[in-house]
Enquirer: 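One structure follows; several queries about it will come next.
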There are 2 protein chains.
Amino acid sequence: MLSQVYRCGFQPFNQHLLPWVKCTTVFRSHCIQPSVIRHVRSWSNIPFITVPLSRTHGKSFAHRSELKHAKRIVVKLGSAVVTRGDECGLALGRLASIVEQVSVLQNQGREMMLVTSGAVAFGKQRLRHEILLSQSVRQALHSGQNQLKEMILVTNLDFHDEQKRRNLNGTLHELLRMNIVPIVNTNDAVVPPAEPNSDLQGVNQSVTFGTKSRVGMGGMEAKVKAALWALQGGTSVVIANGTHPKVSGHVITDIVEGKKVGTFFSEVKPAGPTVEQQGEMARSGGRMLATLEPEQRAEIIHHLADLLTDQRDEILLANKKDLEEAEGRLAAPLLKRLSLSTSKLNSLAIGLRQIAASSQDSVGRVLRRTRIAKNLELEQVTVPIGVLLVIFESRPDCLPQVAALAIASGNGLLLKGGKEAAHSNRILHLLTQEALSIHGVKEAVQLVNTREEVEDLCRLDKMIDLIIPRGSSQLVRDIQKAAKGIPVMGHSEGICHMYVDSEASVDKVTRLVRDSKCEYPAACNALETLLIHRDLLRTPLFDQIIDMLRVEQVKIHAGPKFASYLTFSPSEVKSLRTEYGDLELCIEVVDNVQDAIDHIHKYGSSHTDVIVTEDENTAEFFLQHVDSACVFWNASTRFSDGYRFGLGAEVGISTSRIHARGPVGLEGLLTTKWLLRGKDHVVSDFSEHGSLKYLHENLPIPQRNTN
Amino acid sequence: MLSQVYRCGFQPFNQHLLPWVKCTTVFRSHCIQPSVIRHVRSWSNIPFITVPLSRTHGKSFAHRSELKHAKRIVVKLGSAVVTRGDECGLALGRLASIVEQVSVLQNQGREMMLVTSGAVAFGKQRLRHEILLSQSVRQALHSGQNQLKEMILVTNLDFHDEQKRRNLNGTLHELLRMNIVPIVNTNDAVVPPAEPNSDLQGVNQSVTFGTKSRVGMGGMEAKVKAALWALQGGTSVVIANGTHPKVSGHVITDIVEGKKVGTFFSEVKPAGPTVEQQGEMARSGGRMLATLEPEQRAEIIHHLADLLTDQRDEILLANKKDLEEAEGRLAAPLLKRLSLSTSKLNSLAIGLRQIAASSQDSVGRVLRRTRIAKNLELEQVTVPIGVLLVIFESRPDCLPQVAALAIASGNGLLLKGGKEAAHSNRILHLLTQEALSIHGVKEAVQLVNTREEVEDLCRLDKMIDLIIPRGSSQLVRDIQKAAKGIPVMGHSEGICHMYVDSEASVDKVTRLVRDSKCEYPAACNALETLLIHRDLLRTPLFDQIIDMLRVEQVKIHAGPKFASYLTFSPSEVKSLRTEYGDLELCIEVVDNVQDAIDHIHKYGSSHTDVIVTEDENTAEFFLQHVDSACVFWNASTRFSDGYRFGLGAEVGISTSRIHARGPVGLEGLLTTKWLLRGKDHVVSDFSEHGSLKYLHENLPIPQRNTN
């Protein structure tokens, strides 16, 4: 084995062996020789990585989130990481970014080591003159002691000499102590390392295996073996692709930050199932749930409602724990959202019973029936979407509510709650599973471990069919950004307009503006921009609106046209596309209804827009032409809400243009499937010269059972 | 001005000035001082970038796609690109990846130059010893002449001396000739360059402006001015963010490949509108289209159908041009798809008239009516989705068909066709616009320039609401991968199953299998896996199926269980999840209907799955439990088709679970909006102590006018 160590003030010395390798990050590409295992194994032959000591002192991490506590990190680079894909020498960009990452981690106070691939050894002659790597590291670390460098050449035999091993061990420790990043360059081709063996020490054992081609072990098998060997010594291992251009600039730091990059090896069995297993359980549990009778699903929800009141004491006890742990760490409004009470649980139970009632006619409803030919009938029926991922913030009452919606619609559910509500969520989830188990579908609702990163969950596109964020618009935006290939249902913006037409009734306007803006200004369906017909300026109606806004202490921002009409204007708006979410309102002047529509299309968010007028023609023109999810005439923007629309249980409000738009009821959690029942029907019978003709008769649909 | 040039065999010499700067790629971050302009301007003071010559010889590129022809590329790096965001020295990773990209482009035979930021000059002392950059370049280029290096220090005054300018010019040219990448390091702080001026030459003009703070010009303004100045000299400029971690590894090569990275400056006015402008036109045109009467939309489609036959000669002439240009470059089946004929145009016109007929009841249909309170009525109506992007391959007949679907559903449309059908698409699009103009909505359908990259279009999420790829499943997969934040409607896989139950009728099975597998094996609804109940093995029914498959020359792949039942098995499947798309079929044995369902859920693609049985209970169990878009009983998989389902115009087949699933008719191009008509209704009247109560009465829906 050939080792190349850049050192500073090298001297052989004896000292006690230190516990070694707290965490190994093995970083490599997926497409090169499995040299990882050789190095990991070869450490077993090196005295300064004595296995017993590691075993005594070290214990591998149970979860990625603990990797950030790693004190010592070894980064092993495969040949494909170090060299360019086109075989044009070193991959400078990658190498330098690895050096940068190593430097970042070292500056955080960690002990860092680089192990480079054997392939580099062949470039040693060249590197000796180029000193590229060493300088990069030195430069990045601002080391003041960048003087001496010397090659330490060791071969396999050296490791079998007790004294030499001690010296090497001491050298590396001294280098680390001096804040230097040792680079160990290995070359399998020169001296293949030995098979892992219980008889590890002191024996000049013969070489029993070597490169991949010689023993036929390669790919993942070798890597997994290496990782398991390292784990035995209490070393956690992550194997990741180091060549992907989009991630290689931050893959090492990402791993240390606990992100789900590559494969994490841990000796400690995780407490529960993995999130992938939970996804599978939610899928199959959901499928079972979907085939239950609607009455059975309603029964589960009723039982859950009962449990919420019956098990009140246990729930409140768990909630108290959360509150105690959050005390002093969360602001008062957040603590209030976190806290449960008897009355909250009671109204939650009432809400659940409403969901149960509205669920009766959701799954399996026939939407369309067609006779395609004699004895060939087509049916389009509603079915659940599949597996939902619902991400919610501190409010634990969200859990039973969302679970009831999923149960009512026959969907499997992955729930990801906030860390601060962990105790409350756990008990509420247990009660949900208890309710589900009355019909044997306990696994349909899964609570994801709080340690799972939301970003990682949003990438499980094979597992999750729809993501629903429940929380602030910031949460929705974050999720929309993080979701890869999975649709997200939600609204991130609500810039609602009210256009006051020249034919508006004086009595109505003030009432409508006050209700839309002042009733609950933080809601997404609150008014943000008031568009006023220019003929209304300096009329009593206009003065009345302004007076009301003054009384209600609404801060007015003037649009540019409005400002130009005024002698003394209030502050001009920074942007006409602003969601204030507070007692603030933008006022702008428009020439007519078309001008208002153009403004709404330019600056609105297609959420909810209102016209106030007594002229029916103008109103209809507005209703037809405004391209928003909700368009109202002489009604407050605040009606834009699933409950107020009479949709029963409210899933949310969607500003998406496909699938569901505007306030979404249970129907938003459903899709359809097509059932075709025939008697030996083949397509070729319907061809030009076939014996059959398509009938395509619409058949009556069973009347919808609406409440 | 301080210049630092690594040279090889430097000698001053006189030679004729060469035309300079064919293409400048100015590469910088968005957050640093606008030093770009200073350099670009300062070139005006350097004789070897004489403006008149550039003007005479050079002409900037009109389109990004031409950038790949750039012979000489200057890469200017801003300070923020060169240095780390945390102010910990050089950004090694970025720098090295830039060097790699420069090297790649140089190895393609281009003349490359690097201009580094002034900030680097302050690190000159350090760099002198580190020689990091020069070595990286040298290493990457495998230069054999990496010996001499020398500093050339010049100041502003030097450029005003004719002889010195000539020498510097010659030096740079000689360096380029010797395949060396000159690195020009500039420092504004030392010598601020002069204001651009018509009096550029030979004058020792006084310095009139300097850094940002001195003249107050910065940010985009300065960059744009610099770009315009460069353009005057016939130099194309791209300004891009060089610090984004996801792109910095390939931003320069991406720009040269013509990708839409950063801002492209061109003096040549583009022939038509930009794709962003086209998106705007499609949006507003589509909105106008949506407000037409259904009869008017149908009229447009009928007119287009007429034009297809009336203007047949012109269309076929354009198509002939495409065919001639494609001759020898396209394979015979592709040429066949590209070619139009009188009969193709006639049947296209017939199809269009069918779409017109089915469009009558699509937009504006009332789906739900609710009386929320007295005089407060809610309506949910169908509306177009907005702007569709349809990407299609060589078949030009796709264009009028897709245009008719968009017109029928009131959507704006961006069409992106294949380059090989450019002439045909152009005339067909002109005819579409002619038809649209009869109701003044000419701009609703836009044909995107063939030079636009599909990948770039798929990122216009503010502009496009739905992408529909029409073509091979590879195209669909590519588009699904490329689409950022825009839903894609399509299916990428069709792994359809047929389960032959123990109670299957002997007569039916063979007919159904033959029709499903052999009628059109390339279709996505063709059969791929036959699941046979184990009781049927070694029965006459089984032999009959195998005999039929042999006659039809279907190659059989045995699933592992099936193989284990046979003495001499056919080749075993590589994967049970295979879409053969050919006369090949996987056969596997299952124990019962549940086993069949489990197999389908594990290996299927949720497209179309069939049960063949005479037992109604088993059939219903299968229909209810299989979680696929289409589930059939005793019918061929091939019925899974919009036309056969009687949906009228077929938009496609969707394997997505949201919005539209299975065969999609015009309804898949629609969404809904909510209209609320009130008389001064406010939410606060419905509060606990308010005067009003919600009624939520379902009102009758106008009966659907079905054909």
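Quick caveat, the model's predicted, so the values are computed rather than measured. Letters A, B, ... mirror the listed sequences (proteins, then strands); counts begin at 1.
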Enquirer: If you count heavy-atom pairs under 4.5 Å between each of A:Ala373, A:Ser516, A:Pro663, A:Gly386 and chain B, which one has the most?
Expert: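 Top option by heavy-atom pairs under 4.5 Å: A:Pro663.
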Enquirer: Tell me, side chain or backbone of A:Arg287 under 4.5 Å from chain B's heavy atoms, or both, or neither?
Expert: side chain
Enquirer: Look at the side chain of B:Lys508 and the backbone N and O of B:Ala635, then say whether any donor-acceptor pair between them is shorter than 3.5 Å.
Expert: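 Between the backbone of B:Ala635 and the side chain of B:Lys508 there is no qualifying donor-acceptor contact (under 3.5 Å).
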Enquirer: Let's test your reading of the structure: which of A:Leu695, A:Leu466, A:Val683 forms the most heavy-atom pairs below 4.5 Å with chain B?
Expert: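 The option with the most such pairs is A:Val683.
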Enquirer: Need one label for A:Phe686: side chain, backbone, both or neither, based on atoms under 4.5 Å from any heavy atom in chain B.
Expert: side chain
Enquirer: Tell me, for A:Val383 versus chain B, whether the close heavy atoms (under 4.5 Å) come from the side chain, the backbone, both or neither.
Expert: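 A:Val383 touches chain B through side-chain heavy atoms alone.
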Enquirer: Is A:Arg514 close to chain B through its backbone or its side chain, or both, or neither, when contacts mean heavy atoms under 4.5 Å?
Expert: neither
Enquirer: Say whether A:Asp515 and A:Ser636, considering side chains only, have a donor N or O and an acceptor N or O under 3.5 Å apart.
Expert: yes
Enquirer: Picking from A:Met288, A:Glu519, A:His601, which has the most non-hydrogen pairs under 4.5 angstrom with chain B?
Expert: A:His601
Enquirer: Which answer fits A:Tyr694, side chain, backbone, both or neither, if we ask what part of it has an atom under 4.5 Å from a heavy atom of chain B?
Expert: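 Contact with chain B involves the side chain of A:Tyr694 alone.
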Enquirer: Under 3.5 Å, is there a donor-acceptor pair linking the side chains of A:Gln380 and A:Thr672?
Expert: yes
Enquirer: Would A:Ser628 and A:Ser606 count as having a side-chain donor-acceptor pair, cut-off 3.5 Å?
Expert: no
Enquirer: Mind running ring-ring contact (aromatic ring centres under 6.0 Å, His included) on A:Phe622 and A:Phe632 for me, showing each step along the way?
Expert: CA-CA 9 Å; A:Phe622 187 89; A:Phe632 298 169; over 10 Å; no
Enquirer: Checking heavy atoms, do the side chain of A:Leu512, its backbone, both or neither come under 4.5 Å from chain B?
Expert: both
